[in-house]
Amino acid sequence: MKVICFFVLFFLAQPVLSQEDTLKGPDIVDRLFNTADKVVDMFSGKSWIFVPALTYAPETSLGFGIGALKYFRTREDGNLRPSTMPISLLYTLNRQVMFSTELDLWWNGNKDHLFAELELQDYPFRFYGIGNEIALPEGESYSSRMAQLKVNFQKRIAPGIFLGPQYVFRLDEVFDKEVGGLLDTGAVPGSNGQRSSGLGILLQYDTRDNIFQPGKGSYHQLSYLGFSRFFGSDYEFGQYRLDLRKYLNIFRSHVVAGQLWYSYTGGHAPFQQLAMMGGSDIMRGYFEGKYRDHMAMVYQMEYRLPVYRTLGLVFFGSTGTVAEKFSSLPSGRLRYGGGLGFRYRLMDDGLNFRLDIAFGDQTS
């Protein structure tokens, strides 16, 4: 999903310009940026930012809502990484309702890290089948109510190395399925709803110089989650994920970022928990969940450059595939995506508004 806060910000900025502003002072570009900064200040407190949200993605259509972000440090220490608590509520023209909130907390001199996320969705959606070749080109419509909680705690055990437990709980209610469709037959695991509860471990190597907009360093994660009836899960399966990211400052504030993302789900898993591509993070330009299977592998590159003051530009490209087993990944058809994005910096720490325009097998 792409949050088009950048345009909202400048739309709101126009009435703030007075007649005196139009006759004196810097040129029109500087006046717009100055006014935009004032609008950000209007919606911001000492540690809170409130913004109207306008979103668009093919899977959601146009969406409206509000977002809030609490930005703080647990102590007065400039070397301590900032903690955040974003909250968002959105409603789309596809009659989708989405609520999410997170807590990303750093303390004890960056030695301890807690991340928690809660998502609630009432979501008309489409199911295209399982595999790298689409079984249902038009997709089957269905509706889902979903609640998901993720929690992980990590302790620094060596410079840049963090280790700790993680837990995920997800509940899906599936209804309004197409009569006679693949989901309606009950042949697909999870087509009648599902409950997943899994416990695992997360190993992380993190040397980024900035957690919001890294200019250099690495961010690597290796995780495992085991879902079992012992933990209250309807299905028994395991999830393995490898996420490798590298950031290079090639000159001044120009940054090249690369990512290799691999996901494997083994065992008897519901379709909601299979590895998938698409959405706002993995393979932008592809409908989230259109391609899903037991395995997925994606490569992504991004080139970030400053444009003017707090405005930045991003060019990105990606390629990836899904497969039933590892031996099928090299021979699977690769899919490609790319696009460009705009970034408007809110704070010196690098927190941004974001707008991405991506192209894949669709435009988003």
Side-chain angles (χ1 to χ4, degrees), residues 1-4 54-64 90-98 119 121-146 148 170 172-194 196 235 263 265 268-298 317-325 328-329 331-339 356-364:
M1 179 177 297
K2 285 67 181 173
V3 182
I4 314 179
L54 176 64
T55 73
Y56 177 80
E59 58 264 41
T60 64
S61 185
L62 198 63
F64 310 87
L90 292 170
Y91 176 80
T92 78
L93 297 185
N94 282 352
R95 297 179 291 109
Q96 299 156 323
V97 181
M98 291 161 280
E119 290 183 87
Q121 296 180 357
D122 191 334
Y123 213 88
F125 211 68
R126 302 194 75 81
F127 176 70
Y128 292 86
I130 296 172
N132 197 37
E133 301 299 330
I134 296 299
L136 303 167
E138 301 300 322
E140 287 183 7
S141 62
Y142 72 98
S143 294
S144 174
R145 294 191 183 98
M146 186 273 286
Q148 180 170 260
R170 174 166 174 163
D172 287 271
E173 178 188 357
V174 179
F175 56 100
D176 287 344
K177 295 174 283 187
E178 288 190 11
V179 177
L182 191 59
L183 292 179
D184 191 45
T185 65
V188 178
S191 58
N192 293 319
Q194 66 91 31
S196 299
Y235 296 86
S263 179
T265 302
H268 188 58
F271 78 92
Q272 296 94 337
Q273 293 282 18
L274 293 177
M276 64 180 72
M277 304 187 310
S280 61
D281 296 316
I282 302 296
M283 288 289 286
R284 284 165 284 187
Y286 284 78
F287 189 102
E288 184 177 13
K290 185 173 184 178
Y291 298 98
R292 69 178 82 203
D293 211 324
H294 289 272
M295 294 188 180
M297 182 177 289
V298 173
S318 58
T319 181
T321 186
V322 300
E324 183 179 4
K325 50 188 178 181
S328 302
L329 278 174
S331 60
R333 175 187 171 189
L334 290 176
R335 306 189 182 277
Y336 301 91
D356 286 336
I357 303 171
F359 305 89
D361 64 345
Q362 60 188 40
T363 302
S364 61

Notebook entry, point to check: About how many Å separate OG1 of Thr319 and CZ of Arg335, when rounded to the nearest 0.5 Å?
Noted result: 10.0 Å

Checklist line | Which atom of Tyr286 lies closest to which atom of Tyr336, heavy atoms considered | finding: OH-O, 2.6 Å

Next item on the list: Give the minimum heavy-atom separation between Ala269 and Leu274, together with the two atoms involved.
Entry: CB-CD2, 4.3 Å

Item checked: Pairwise distance CD(Gln96) to OG(Ser143) - rounded to 0.5 angstrom -> 9.0 Å

Notebook entry, point to check: With sequence neighbours excluded, what pairs up with Asn192 under the side-chain hydrogen bond (donor to acceptor under 3.5 Å, both in side chains) test?
Noted result: Lys177

Item checked: Closest approach of Met277 to Gly320 (non-hydrogen atoms, all atoms of both residues) -> SD-C, 3.7 Å

Check: Got a donor-acceptor contact below 3.5 angstrom from the Glu140 side chain to the Leu182 backbone?
Finding: yes

Checklist line | Over all atoms of both residues, closest heavy-atom pair of Thr92 and Met98 | finding: CG2-CE, 3.4 Å

Margin query: Check whether Tyr142 reaches the backbone of Ser191 with its side chain - one donor and one acceptor, N or O, closer than 3.5 Å.
Written below: no

Next item on the list: Might you point out which heavy atoms bring Met283 and Ser318 nearest each other, and give the distance in Å?
Entry: SD-OG, 3.2 Å

Note to self: Once side-chain contact (heavy atoms from CB on, under 4.5 Å) is applied, do any residues pair with Met276, and if so which ones, sequence neighbours excluded?
What the structure shows: Glu288, Arg292

Check: Where does the angle between the aromatic ring planes of Phe287 and Tyr128 fall among parallel (under 30°), tilted (30 to 60°) and perpendicular (over 60°)?
Finding: perpendicular

Check: What residues form a salt bridge (Lys or Arg N to Asp or Glu O under 4.0 Å) with Asp293, not counting sequence neighbours?
Finding: none

Next item on the list: Looking only at non-hydrogen atoms, find the nearest pair between Pro189 and Gln272 and report the distance.
Entry: O-OE1, 4.3 Å

Note to self: Rounded to the nearest 0.5 Å, what separates atom CD in Gln194 from atom CG in Asp172?
What the structure shows: 4.5 Å

Item checked: Contacts of type side-chain hydrogen bond (donor to acceptor under 3.5 Å, both in side chains), residue Thr321, not counting sequence neighbours -> Asn132

Notebook entry, point to check: Who passes side-chain hydrogen bond (donor to acceptor under 3.5 Å, both in side chains) against Ser141, sequence neighbours left out?
Noted result: Glu178

Item checked: All salt bridge (Lys or Arg N to Asp or Glu O under 4.0 Å) counterparts of Glu138, not counting sequence neighbours -> none

Check: When rounded to the nearest 0.5 angstrom, what distance separates CG in Asp176 from CZ in Phe125?
Finding: 15.0 Å

Margin query: Working to the nearest 0.5 angstrom, can you tell me the gap between Glu119 CD and Met146 CE?
Written below: 4.5 Å

Item checked: Contacts of Glu173 that satisfy salt bridge (Lys or Arg N to Asp or Glu O under 4.0 Å) - sequence neighbours left out -> Arg145

Check: Among all residues two or more places apart in sequence or in another chain, which pass the side-chain hydrogen bond (donor to acceptor under 3.5 Å, both in side chains) test with Glu324?
Finding: none

Check: Atom OH of Tyr123 and atom CG of Asn94: how far apart are they, to the nearest 0.5 Å?
Finding: 8.5 Å

Item checked: Arg126 side chain vs Gly139 backbone, donor-acceptor pair below 3.5 Å -> yes

